[in-house]
Amino acid sequence: MAEIPADLETVLKDAHLPALMTALVHMTGDTHWLRSEWTPVYNPLSRGDPGIPEEEQAKIRAEAAKAIRAYLEGKPMAMPNPPIDVLRRQMDFVAGAEIPEQYVDFLTDELVLKGRSSKDPHFEAPPVQAAARKMKVLIVGAGMSGLLTGIRLSQAGVPFEIVDKNADVGGTWFENTYPGCRVDNSNHMYSYSFEPNHAWPQHFSPQPVLLEYFRGIAKKHDLKKHIRFETLVEQLAWDEAKEVWRATLKGKDGKTEVVEATAVVTAVGQLNRPRMPDIEGLGTFEGPAFHSAEWRHDVDLKGKRVVVIGTGASAYQFVPEIAPEVAKLTVFQRNPPWGLPVPHYHEDVPDGMKWTLEHVPFYDKWYRFWLFWMTTEGFLPMVKTDPSWNGSPDAVSPANAMLRDMATESYRMQLAERPDLLPKVTPNYPIGGKRAVLDNGVWLAALKRDNVELVTEKVARITPKGVVTADGREYEADVLIYGTGFQASNFLSFLKVKGRGGRDLHESWGGDARAYLGITHPGFPNFFTIYGPNTNIVVNGSIIFFSECAVRYIVGCLHLLAETGARALEPRQDVYDDFNRKVDEANAGWAWGSPNVSSWYKNSFGRVSQNWPFGLIDYWRATLAPNPDDFVLERAPEPVG
Ligand code: NAP
């Protein structure tokens, strides 16, 4: 039995009260926890304060403590599986708003109250199992999505091998080790739905913690024996006669090997190839120069003159970390990021919250549900373009303008003694146009330091001594750091893929990568991409959700092959074309599609090639299971005679 803290009421002060009250419905079977006068009223930028008067909150906690104590002392759980009307009331209550009917099945699935999820593979039928055992899937990448694919294929009984260029698992969390690197999505949501971590040390934990989580997952699911590290998949070629992929792998020693696979899943993320800026003189700098994703820990920045180019999500995290130790820091900014006030960005998860997550059944699920709703579908309307909006171009709707005003006010307050910085750091594009960053004050505090200078003049060239701006001024430096992002729209640039009839994937894309649901590609049988074209999210939630949906769909495609005896499948061209037309139309309706925004979400054609333009619910529904009518299925030839 769990030890019950003597000061349980105090411990519960750290819990998210509406999630706790919702969990108590299961424990007590009593719905009075959801009474209307206790319905939370959240401020969109608050950290979940329910807006209930403090004395009332104290009464609720006292009652909750009694119920939890009774349960932990042996009283049975009264309502582990609430009827649908109660479940709906629970959802509305914790969200503080009525959840629309069309979301109920989706959110019920996300809650996983009964321990079953639509994302669990079902390969129970013996003929399906037998066919699955004969497959071999090659997974490219051992990061978040690759490990997930391995776990699901293990559960399905499909043999697989994972190949990764790095020396360990973790992908982006292995590669990005710059100071201050941390997840900018709430950790209790940025974790696999089936592998919650009640011990996250912070709401937004630092990179080493994330890397440990993924290492722990690989160990728990015994994945390492399936992984070849320090190996690059250089080429994939579809063998028409054998109907298999032939993959050329190159090891650390430079030797190549060809392996065969029934299907290939690329799980390489969108942000894994650093982008160096197109600036004259790049490479001429005499001192150490490196990209944020290839941080040189051997370069001591103490007392040095450091130049940083870029002010995106990465620089936003490392600039405040290095500013106090360097002699002089010059930050070159092309466009400033929008910061959304999140005061607890660097705070520890309080012990009481950890205790509640671990010991109060269903609390973790409802807390995650609340985060999920508030930061995903619940937030999306704030960045939706209102076609009738005729206000300034730094907003796309009245709600978006309200958010801009809140964020601007927060900047103004932080810069009370440095009003000269305000116009420099205030973006002229709408919130949601680019990835917003989480503002707890450290960014502007760094820019206000005496040893830090924010330069908005265009960088004209790099010289052996430093950087020269368009106005001819030279900034001498000892170290140059590029926070200039990734070659995101250059999907799979490292990989040559030859499909049916020798068709080349990159040639068929012509620099404008597309896919059906981000996952399948006409002419490329049994070839699946996770976090592929048009599956990135800007403001709404955790990319792990997208990977879980994509993997469910891919596993569904393998099930379809096993079930039908087909050798290969690929999407119909018309289905693919129709899907992509809808994606392009829809992307125009969001802040990131606004014509006055340039970002890594748009490719060289100006098309938004990265982002998913619908709700999470739409991706969840579209990827529930493959629709056989969307595909061309290649059947094995009938035996002769
Ligand atoms: P980024 O957001 O693409 O930022 C690149 C920065 O470099 C921008 O400020 C860009 O300016 C600037 N830049 C590029 N070329 C330049 C040039 N020639 N001269 C001057 N400035 C130039 O890259 P990132 O910061 O690495 O982040 C990429 C993505 O990674 C993020 O959007 C996010 O999705 C993800 N990320 C997540 C986390 C997290 O979860 N913790 C942390 C870091 C990154 P413009 O804005 O004018 O293009």
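The structure presented is a predicted model; accordingly, all values stated were derived computationally and were not measured. Every number for a ligand or one of its atoms is a count from 1 in the order of the listing. Hydrogens, waters and symmetry mates play no part in the numbers below; they use all other heavy atoms, side chains included. Numbers here simply count residues along the sequence, with the first being 1.
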Protein contact of [atom] - nearest heavy atom, named by residue and atom, plus distance:
{"atom": "atom 12 (C) of ligand 1", "answer": "Gly310 CA, 3.6 Å"}
{"atom": "atom 34 (O) of ligand 1", "answer": "Trp600 CZ2, 3.6 Å"}
{"atom": "atom 38 (C) of ligand 1", "answer": "Asp184 OD2, 4.0 Å"}
{"atom": "atom 47 (O) of ligand 1", "answer": "Asn335 ND2, 2.7 Å"}
{"atom": "atom 4 (O) of ligand 1", "answer": "Gly312 CA, 3.4 Å"}
{"atom": "atom 46 (O) of ligand 1", "answer": "Lys434 NZ, 2.8 Å"}
{"atom": "atom 9 (O) of ligand 1", "answer": "Thr311 N, 2.9 Å"}

Between [X] and ligand 1, does any nitrogen or oxygen pair lie at a separation below 3.5 Å?
{"X": "Arg334", "answer": "yes"}
{"X": "Asp278", "answer": "no"}
{"X": "Ser292", "answer": "no"}
{"X": "Ser314", "answer": "yes"}
{"X": "Gly483", "answer": "yes"}
{"X": "Ala313", "answer": "yes"}
{"X": "Gln317", "answer": "yes"}
{"X": "Arg275", "answer": "no"}

Item checked: For Leu447 against Arg418, the heavy-atom pair lying closest together -> O-NH1, 4.2 Å
Using non-hydrogen atoms of the residue, decide whether [X] is closer than 4.0 angstrom to ligand 1.
{"X": "Ile309", "value": "yes"}
{"X": "Tyr178", "value": "yes"}
{"X": "Lys458", "value": "no"}
{"X": "Phe486", "value": "yes"}

Quick one: which ligand 1 atoms are inside 4.0 Å of a heavy atom on [X]?
{"X": "Leu271", "value": "29 (C), 30 (O), 34 (O), 35 (C)"}
{"X": "Ile279", "value": "18 (N)"}
{"X": "Gly485", "value": "3 (O), 5 (C), 23 (O), 24 (P), 26 (O)"}

Next item on the list: Answer yes or no for Arg182 and Tyr345: cation-pi contact, defined as NZ/CZ to six-membered ring centre under 6.0 Å and angle to ring axis within 45°.
Entry: yes
Check: Cationic tip of Lys434 within the cone over Tyr601's six-membered ring, i.e. under 6.0 Å and within 45° of the normal?
Finding: no
Between [X] and [Y], how do the two ring planes meet: parallel, tilted or perpendicular, split at 30° and 60°?
{"X": "Trp295", "Y": "His297", "result": "tilted"}
{"X": "Trp612", "Y": "Phe546", "result": "perpendicular"}
{"X": "His506", "Y": "Trp509", "result": "perpendicular"}
{"X": "Tyr367", "Y": "His16", "result": "tilted"}

Next item on the list: Run through Lys302, Arg305, Lys304 and flag the one making a salt bridge (charged side-chain N to carboxylate O under 4.0 Å, His left out) with Asp478.
Entry: Arg305
Notebook entry, point to check: What part of Arg182 sits under 4.0 Å from ligand 1 if we count only heavy atoms: the side chain, the backbone, both or neither?
Noted result: backbone
Note to self: Taking side chain to side chain contact (heavy atoms under 4.5 Å, CB included) as the criterion, tell me which of Val479, Leu480, Ile462 meets it with Val307.
What the structure shows: Leu480
Margin query: Could you tell me if the side chain of Asn490 sits less than 4.5 Å from the side chain of Arg273, heavy atoms only?
Written below: no
Checklist line | Beyond-backbone contact of Lys119 with Glu110, side-chain heavy atoms, under 4.5 angstrom | finding: yes
Margin query: For Gly485, is there any backbone N or O sitting under 3.5 Å from a side-chain donor or acceptor partner on His291?
Written below: yes
Note to self: Salt bridge check, Asp584 against Arg514: does any charged N sit closer than 4.0 Å to a carboxylate O?
What the structure shows: yes
